[in-house]
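Data first, discussion second: the structure below is written as C-alpha cells.
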Amino acid sequence: MAEPERTTERRMRPAPLLFEPSEAAADPEHFFDLESLEDPQELLSRATELTLAFRAATDRAMEFQAMAAAQLADPRRFDRLTPAEVGERAGWTEDYAQKMIDFGRDLLRGAR
C-alpha cells in the first residue's frame with residue numbers, strides 16, 4: 001500500500017548537497033557559501049533549496065535505518081537481534097526500535 005504523497009515527494013529532486021572543500025568546512029562561519037550571498041531573494045531561494053535537500057536526505061536515511069533494523073531483527077536470521085539490541089545499537093528506545101523494525105518490514109515488502 002503505497003502512499004501517493006511520498007511517491008510524489010521522491011520524484012521531486014531538491015537541490016543537490018554540494019560537498020565543501022575542507023578549508024571552507026574548517027571555517028565555522030561558512031555554510032554552503034550562503035554567507036557570501038548578498039541578494040536576499042537569492043539567499044532565501046538557496047537556503048530553501050538546502051532545507052528541502054536536507055529534509056529529503058533525512059527521510060531517505062531514516063528509511064534505510066528502518067530497513068536495516070528490520071533485516072537485523074529478521075526471525076529467519078540465526079544471528080537476529082532483539083528490538084532492545086537494535087535500539088541499543090542505534091541509540092533508540094526499545095519501543096522506537098520496534099516501530100522502526102515494523103516500518104522497515106513494510107518498506108522491504110514494498111521494495112520486493
Side-chain angles (χ1 to χ4, degrees):
M1 164 176 20
E3 298 174 21
E5 290 180 36
R6 291 187 69 79
T7 304
T8 304
E9 287 177 20
R10 284 191 189 148
R11 288 186 187 149
M12 293 174 37
R13 295 281 183 201
L17 295 177
L18 304 175
F19 292 95
E20 300 182 281
S22 58
E23 311 86 52
D27 179 4
E29 298 299 316
H30 186 83
F31 187 74
F32 288 91
D33 209 27
L34 292 179
E35 70 285 346
S36 70
L37 299 177
E38 294 183 18
D39 177 13
Q41 288 183 323
E42 187 180 353
L43 177 59
L44 178 61
S45 176
R46 182 64 182 144
T48 301
E49 288 176 344
L50 284 169
T51 299
L52 294 173
F54 282 122
R55 284 181 188 155
T58 299
D59 290 345
R60 192 70 180 130
M62 186 178 66
E63 289 174 352
F64 278 104
Q65 280 184 309
M67 289 187 291
Q71 290 170 339
L72 289 170
D74 188 337
R76 296 172 294 183
R77 289 176 60 117
F78 76 93
D79 61 345
R80 73 179 168 271
L81 300 179
T82 66
E85 292 169 323
V86 171
E88 184 178 323
R89 288 186 182 200
W92 302 329
T93 64
E94 184 176 352
D95 289 343
Y96 186 75
Q98 185 60 59
K99 289 178 184 179
M100 288 294 279
I101 290 166
D102 294 340
F103 178 50
R105 286 179 179 152
D106 289 343
L107 289 172
L108 290 169
R109 270 187 234 120
R112 290 185 177 163

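On a predicted model such as this, the values are computed, not experimentally measured, just so you know.
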Self-check item: Check: Leu50 and Arg46 side chains under 4.5 Å, non-hydrogen atoms
Solution: yes

Practice problem: Search all heavy atoms of Met100 against all heavy atoms of Gln65 and return the closest pair with its distance. | Solution: CE-CB, 4.0 Å

Quiz item: Does Phe31 offer a backbone N or O that forms a donor-acceptor pair with the side chain of Glu35 under 3.5 Å?
Solution: yes

Quiz item: What closest approach, in Å, do Ala47 and Leu34 show between heavy atoms, and which atom pair accounts for it?
Solution: N-CD2, 4.1 Å

Practice problem: Indicate yes or no for a side-chain donor-acceptor contact from Arg80 to the backbone of Pro75 under 3.5 Å, with no hydrogens or angles considered. | Solution: yes

Quiz item: Which heavy atom of Val86 sits nearest a heavy atom of Leu81, and at what distance?
Solution: CG2-CB, 3.8 Å

Self-check item: Any pair counted as side-chain hydrogen bond (donor to acceptor under 3.5 Å, both in side chains), so long as it reaches residues 87-101, sequence neighbours left out
Solution: Gln98-Asp102

Quiz prompt | Distance in Å, Leu107 CG paired with Phe64 CZ, rounded so as to fall on 0.5 Å steps | solution = 9.5 Å

Exercise. Over all heavy atoms of both residues, which pair between Ala97 and Pro83 is shortest? Give the atoms and the distance, please.
Key: CB-O, 3.3 Å

Quiz item: Which pairs with one or both residues in residues 72-91 pass ring pair (Phe, Tyr, Trp, His ring centres under 6.0 Å), sequence neighbours excluded?
Solution: none

Self-check item: Ala69 versus Ile101, closest heavy-atom pair with distance
Solution: O-CG1, 3.8 Å

Practice problem: Answer yes if Leu37 and Phe54 sit in the same cluster of Ile, Leu, Val, Met, Phe, Trp and Tyr residues linked by side chain heavy atoms under 4.5 Å apart, and no otherwise. | Solution: yes

Quiz item: Can you check side-chain contact (heavy atoms from CB on, under 4.5 Å) on Asp106 and Arg109, steps first, answer last?
Solution: CA-CA 5 Å; Asp106 289 343; Arg109 270 187 234 120; 2.9 Å; yes

Practice problem: Kindly give the heavy-atom pair with the smallest separation between Thr82 and Glu85, and that separation in Å. | Solution: N-OE1, 2.8 Å

